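These notes are about the structure you will find just below.
Naming convention: chains lettered A, B, ... in sequence-line order (proteins, then strands); numbering from 1 in each chain. These numbers were taken from a predicted model, which means no experiment stands behind them.
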Amino acid sequence: MCQVDEDFQGQLEHTEVPSISKKCVKCKEKTAVVVIRAGDTYCRDCFREYFIHKFRAMLGKNRIIFPGEKVLLAVSGGPSSCSMLSQVQEGLSQNAHKKLRFIPGIVYIDEGAAAGRSVDDRKTAMAQMQTLFEATGFPFHLVPLEQVLDLSPSVLVMAPSPSEQPGSAYKAAVDQFIQSKGHWPPRPQDQDQDQDLDQASLPDIQESHTQLLQQLMSSTKTQTAREELLSMLRQHLLVHTARTKGYSKLMLGDCCSRLAVKLLSSIALGRGAQLAQDTGFSDSRYGDIITVRPMRDYSSKEIVFYNHMFKVPSIFIPGLDTMTADKSSIQRLTESFVTKLQADFPSTVSTIYRTSEKLQTAWKGSCAADVCDTCLLCLCALDTTVENASAFQATLISEQLSQTKPPETSSAINPNLNPGSALATTTGQCCSGEGECGKKGGGCCSSPRVPETTDMRSLLCYSCRQTVKDMSSVDHLPAYILLEAQRRNRRSQMREQISEFILDEGV
Amino acid sequence: MPVLCSSCADKRAVLKRPKTGHSLCKECFFWAFEEEVHQTIVAAQLFKHGETVGIAASGGKDSTVLAHVMKVLNERYNYGLELMLLSVDEGITGYRDDSLETVKRNQQQYELPLKIVSYEELYGWTMDAIVKQVGLKNNCTFCGVFRRQALDRGAIMLKVDKICTGHNADDVAETVLMNVLRGDIARLRRCTAISTTSEGDGVVPRCKPLKYAYEKEIVLYAYFKKLDYFSTECIYSPNAYRGHARTFLKDLESVRPSSIMDVIHSGENLSVREGVKMPVQGTCSRCGYISSQALCKSCVLLEGLNRGLPKLGIGKHHRLHDKILSQQPLTEKEERKLKSVDF
Ligand SMILES: [Zn+2]
Ligand SMILES: [Zn+2]
Ligand SMILES: [Zn+2]
Ligand SMILES: [Zn+2]
Ligand SMILES: [Zn+2]
């Protein structure tokens, strides 16, 4: 049957190669050198102004970074995050009324261990990053991914956010800042100096740690899950670095093109409930550390133009997904799909991106000492307690039915065993709910083939379950994750035992 | 070495389930497939005892399997439903003739009453005649809009309480992706719903009992049950977005088979920001059918066909609705814009 939608309206519009108009659309004087979109042609100066304005406008509009606040910029060496770094430098050197008013620091996570790079290659890359960062004069932190193995379980628990700042607080803080001017840029003694032992020399990489990370990666059977896992670990390490070094905001360099890919791959990975947090301007899932994405309005094309024209340095460092085939992972596949579609239909990225602006987080999880309904890995609210008829429920049923013996012959079912109608009553079957049959030795229709990973499953969101399902064993996960999983399981067992005596859940 | 069925651990497995990867024997697969549809029906409370249910039958694999499974489950679980087949004859030579033959054979096999409503009797236009006027590029707009209403009209003629359609998990996942690609937030929010409640007079509630069934498993089921279906896609090509979304979904599935369910899970859990404008559902002032505009899509398309302005219903011409309603003449410029059609 024809699968056409009822009232399809728009038609895709194919690329029209713009006739290079000679004049800049802004000043209408100088010769245009950049075509951002059809019709948007800029001269060099106007492009620069447009680019810089966009960064300030994004931060100004959202009013989330307070004057004097310490902000950690995550820089990977790629064009987008390097461009972000240059915008922050630019913003701090502006004259007063346009000036950015926060205190920046930089972090680079060296993921060489996960990507299987040699120690020498990694040292070279780190030295390059060091040179790049030193030139900014900002404090910086070079952190090998290996350090994730030393994290404490507390990084997986939402930290209480500093008291909610009302909208008026922002303005008050700005006024106060302007009155007390003169201390800008902050003098060296304003910053704590001892933080940067790691700055002078390159950090040590423990070989045993590298091996543990490599074991974790090789015990993960799919590239899709490896990429997911790496992004979780990176995120934990970034949050940890921000916390221990006294930053309260974390800036990521995701540009519009990147976010469009991320949005679509998140949908493919079952992260619909987490989309707003994964792709929005700000993300407060960690409580105290707020993640912001100030580059989200720039296309990768604009960034490449700008970096090239104004000599913004960036460093290419091969990662886990470098040089992999299109179909090696969901993430790679999505990237190549969006890239190809964008080449034919230039509105692809902006259309997908606009979708992300219309989404929000359905419900916020909480993770207090007692009750925790956030995912162990991604820290988003759990999306696994949904209504009965759902893709999640249907998948569980499929798995159970494929492993349990059906009644002798299907025709032998006596309708009289279902008095009245099956429709009048709710599911009598034990398999309708998750908890009953999933647990070890849980009874009725449990199969002997329940995998070892069951223990962690109930602590994970839908998508992270899929990730963990692709691991041959969870034992290779870093200790802080395993310890926190055990703690949560113990708590929930305890709660089960005493549930009938607990009067108020909220206390 | 033969693989044993993971379900009964007794018989030899004949297939690997695309959905879970388990190896199953024929009987256990049938059981699992039917049982899953049953669980969906019960969990989502799709039907009430004693209802009359029209199964939208196109002669294709989805609706053929749906008709079969509905009949089996209705008897096995004593649903107490009165089932009938409901078909739309779009008037496409070759394609529809053959598929309607299949539906007629199904009717005899399953002993279910069958009602066929044709575009010609409802609208005075067959698809073949429409294609002659609008060309191949835009005909699917007509195809989809007209069929939706045709099913409702047929259902009302048959006094049916509900219509169930053969949409499967792949269709739903594909629609989620398509709506993301074209930024249609209103449809994105609606498209994962398993059933629609009655939205007004002339609209019969619909549901998708196969919502969580993989297309590949539907084919496997039909194959091993030796069900008779007509396997040609609509000869008029589907729209570009859906084509891209479909290719992408197939690729996703080949990388990670759970992707289809993962996409649906995402769709079911999306939450739209407050304050995002959503079209208000009203009714068509000409025929009373649900519509977010003054005139429903089908009435606009018909008006265009009858006035020789085929582009009227294609693209956005909401501004002209009032003019059409009050029978005002269009300006020369408007006429010219609506006449030209790319073949
Ligand atoms: Zn200019
Ligand atoms: Zn998660
Ligand atoms: Zn079997
Ligand atoms: Zn069609
Ligand atoms: Zn109408």
task = Pick one of side chain, backbone, both or neither for B:Val176, based on which atoms fall under 4.5 Å of a heavy atom in chain A.
result = side chain

message = For the interface with chain B, which of A:Thr395, A:Thr334, A:Ile267, A:Ile330 has the highest count of heavy-atom pairs at distances below 4.5 Å?
response = A:Ile267

ask   = Which bit of B:Leu73 is near chain A, if near means a heavy-atom gap under 4.5 Å: side chain, backbone, both or neither?
value = neither

query = Do A:Ser356 and A:Arg296 have a side chain donor and acceptor closer than 3.5 Å?
reply = yes

key: chain A contact via B:Ser266 - which portion, at a heavy-atom distance below 4.5 Å   = both

ask   = With under 30° as parallel and over 60° as perpendicular, where do the rings of B:Phe248 and A:Phe337 fit, or are they tilted in between?
value = parallel

Exercise: do A:Asp383 and B:Asn269 side chains pair donor with acceptor under 3.5 Å = no

Closest non-hydrogen atom pair between A:Asp321 and A:Arg332, with its separation = O-CD, 4.0 Å

request  = Under 4.5 Å heavy-atom distance to chain A, tell me which part of B:Ser298 shows up: side chain, backbone, both or neither.
outcome  = neither

inquiry  = Shorter than 4.5 Å, heavy atoms on both sides: which option in B:Thr20, B:Asp10, B:Thr192, B:Thr247 has the most such pairs with chain A?
reply    = B:Thr20

Partner residues of B:Lys16 under the salt bridge (Lys or Arg N to Asp or Glu O under 4.0 Å) criterion, sequence neighbours left out = none

note = salt bridge (Lys or Arg N to Asp or Glu O under 4.0 Å) filter on A:Asp283, not counting sequence neighbours, yields A:Arg285

inquiry  = So for A:Arg271, is it side chain, backbone, both, or neither that comes closer than 4.5 Å to the heavy atoms of chain B?
reply    = backbone

ask   = How are the rings of B:Tyr79 and B:Phe47 set relative to one another: parallel (under 30°), tilted (30 to 60°) or perpendicular (over 60°)?
value = tilted

inquiry  = For the residue pair A:Gln466 / B:Asp262, report whether a side-chain donor-acceptor contact shorter than 3.5 Å exists.
reply    = yes

ask   = Is it the backbone or the side chain of A:Ser266 that comes under 4.5 Å from a heavy atom of chain B, or both, or neither?
value = backbone

remark   = In terms of heavy-atom pairs under 4.5 Å with chain B, the winner among A:Leu269, A:Leu333, A:Thr224, A:Val338 is A:Leu333

message = Please classify the contact of B:Leu24 with chain A as side chain, backbone, both or neither, using a heavy-atom distance under 4.5 Å.
response = side chain

task = Please state whether the side chain, the backbone, both or neither of B:Ile260 comes within less than 4.5 Å of a heavy atom of chain A.
result = neither

message = For B:Glu217 and B:Lys19: C-alpha separation, side-chain torsions, deciding distance, then whether salt bridge (Lys or Arg N to Asp or Glu O under 4.0 Å) applies.
response = CA-CA 8 Å; B:Glu217 299 208 346; B:Lys19 197 174 182 179; 5.4 Å; no

request  = May I ask you to name which of B:Ile264, B:Leu81, B:Leu181, B:Val72 has the most heavy-atom pairs under 4.5 Å with chain A?
outcome  = B:Leu181

ask   = Picking from A:Leu263, A:Leu275, A:Leu264, which has the most non-hydrogen pairs under 4.5 angstrom with chain B?
value = A:Leu264

message = Under 4.5 Å from any heavy atom of chain B, what part of A:Asp470 do you find: side chain, backbone, both or neither?
response = side chain

message = Is B:Lys48 in contact with chain A via its backbone, its side chain, both, or neither, using a 4.5 Å heavy-atom distance?
response = backbone

inquiry  = As an exercise: rank A:Ala394, A:Ala268, A:Ser463, A:Ser398 by heavy-atom pairs under 4.5 Å with chain B and give me the winner.
reply    = A:Ser398

task = To the nearest 0.5 Å, tell me how far A:Cys375 SG sits from A:Leu460 CG.
result = 5.0 Å

